[in-house]
Colleague: 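I'd like to ask you about the structure that follows.
In this chain, residues are counted from 1 in sequence order.
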Amino acid sequence: INAEYMGGGHVKDYMTVLKKKDKDAFNRQFSRYVAAGIDETKIEGIYKAAHKEIRKDPTKARDPLELGKYKKRAKPAEKGQKFEKKRYNKAPKSLKQRKARIFQILAKKGKAPIGPPDA
C-alpha cells in the first residue's frame, strides 16, 4: 500500500476516475497538470524521479536568501547568528525572591513579620 502512495498511484487513480466522472471538476482540480502536459500515465514517473533526487541528496542545502516556504531574505543569513529566545510567560522566582515578596506584603499591611527574609 505504501509503495502505491509513494509512487503516486492514488493521484493516478483519482485523475482517472475524475476524468471519466466529471470533466469540469477534473479541469478545475488538475488544470496546472494539463497545462504542463502531465496526464495520469506520467504521474508515476514524476514521483519516481522525485524520490530518486531525494535519495541522491536528502540534505539538500537551502538557498541563502530563502526564508521558509515562500519568503525571501533581503541579505543572506550570517553564520553562527544567535537569536534572542522569546519568553511568553514570567520567569520563575527563586525561594529567596518569594520570601522577600511575602515579607514586603506583610510589612505593607502593618503585620509584624517573624523576621527578615533569609534564603
Side-chain angles (χ1 to χ4, degrees):
I1 279 186
N2 283 342
E4 181 184 338
Y5 283 99
M6 288 176 64
H10 63 296
V11 178
K12 178 182 173 183
D13 295 342
Y14 184 61
M15 282 179 82
T16 307
V17 168
L18 201 58
K19 196 178 222 182
K20 290 177 184 175
K21 205 173 191 181
D22 189 357
K23 195 74 169 172
D24 292 334
F26 174 81
N27 288 332
R28 274 194 314 270
Q29 186 88 19
F30 297 104
S31 61
R32 290 188 178 186
Y33 282 47
V34 172
I38 300 169
D39 61 353
E40 59 271 4
T41 59
K42 296 178 182 177
I43 292 287
E44 190 175 352
I46 292 170
Y47 273 71
K48 281 185 178 181
H51 285 286
K52 188 177 181 181
E53 287 296 314
I54 291 169
R55 278 189 230 106
K56 187 173 24 173
D57 186 14
T59 57
K60 188 175 181 180
R62 189 194 296 202
D63 183 72
L65 293 179
E66 189 176 342
L67 179 68
K69 194 168 184 179
Y70 299 110
K71 298 177 184 174
K72 291 282 186 183
R73 296 178 198 266
K75 61 180 183 174
E78 298 173 15
K79 292 266 185 190
Q81 187 176 3
K82 300 281 184 183
F83 295 98
E84 183 180 328
K85 291 186 179 181
K86 293 180 182 178
R87 185 169 187 103
Y88 295 102
N89 54 356
K90 291 181 180 179
K93 293 183 178 178
S94 69
L95 179 62
K96 188 175 183 180
Q97 290 171 323
R98 293 194 308 263
K99 284 185 177 182
R101 178 72 180 136
I102 291 170
F103 183 80
Q104 182 185 18
I105 290 169
L106 290 174
K108 189 175 186 181
K109 289 185 177 185
K111 297 186 179 183
I114 298 170
D118 53 350

Colleague: Are any side-chain N or O atoms of Arg73 and backbone N or O atoms of Lys75, one a donor and one an acceptor, separated by less than 3.5 Å?
Modeller: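 Not confirmed, Arg73 side chain does not pair with Lys75 backbone.
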Colleague: Roughly how far, to the nearest 0.5 Å, is CD1 of Ile102 from CD of Gln97?
Modeller: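 Answer for the CD-CD1 pair, Gln97 versus Ile102, is 12.5 Å.
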Colleague: Cluster question for you: counting only ILVMFWY and a side-chain heavy-atom cut-off of under 4.5 Å, with indirect links fine, are Val34 and Tyr14 together?
Modeller: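 Both belong to a single hydrophobic cluster.
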Colleague: In terms of hydrophobic clustering (I, L, V, M, F, W, Y; side-chain heavy atoms under 4.5 Å; direct or indirect links), are Ile46 and Met6 co-clustered?
Modeller: no
Colleague: Who pairs with Arg101 by side chain to side chain donor-acceptor pair (under 3.5 Å), at least two apart in sequence or on another chain?
Modeller: Gln104
Colleague: Mind checking the NZ-CD spacing from Lys12 to Glu4? Nearest 0.5 Å is all I need.
Modeller: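 Lys12 NZ to Glu4 CD: 9.5 Å, rounded to 0.5 Å.
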Colleague: For the residue pair Tyr47 and His51, does the interplanar ring angle fall in the parallel (under 30°), tilted (30 to 60°) or perpendicular (over 60°) class?
Modeller: tilted
Colleague: Distance from Ile43 atom CD1 to Tyr33 atom OH, nearest 0.5 Å?
Modeller: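 The CD1 atom of Ile43 sits 5.0 Å away from the OH atom of Tyr33.
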Colleague: Supply the atom-to-atom distance Phe30 CZ to Glu40 CD, rounded to the nearest 0.5 angstrom.
Modeller: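 Nearest 0.5 Å value for the CZ-CD distance: 9.5 Å.
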Colleague: Within a reach of under 6.0 Å around CZ of Arg32, are more than 12 heavy atoms found that belong to other residues, nucleotides or ligands?
Modeller: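 It does not: Arg32 CZ has 12 such atoms or fewer within range.
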Colleague: More than 12 heavy atoms of other residues, nucleotides or ligands under 6.0 Å from CD of Glu84: is that the case?
Modeller: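 No.
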Colleague: Ignoring hydrogens and angles, tell me if any N or O in the side chain of Asp22 forms a donor-acceptor pair with the backbone of Leu18 under 3.5 Å.
Modeller: no
Colleague: If you round to the nearest 0.5 Å, how far is OG1 of Thr59 from CD1 of Ile54?
Modeller: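 Reported to 0.5 Å precision, the distance equals 12.0 Å.
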Colleague: Output yes when a side-chain donor or acceptor of Lys42 lies under 3.5 Å from a complementary backbone atom of Gly37, and no otherwise.
Modeller: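 Pair found, side chain donor or acceptor close to backbone of Gly37.
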Colleague: Flag the pair Arg98 / Leu95 as yes when at least one side-chain heavy-atom distance between them is below 4.5 Å, and no otherwise.
Modeller: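 In short, these two side chains touch, coming nearer than 4.5 Å.
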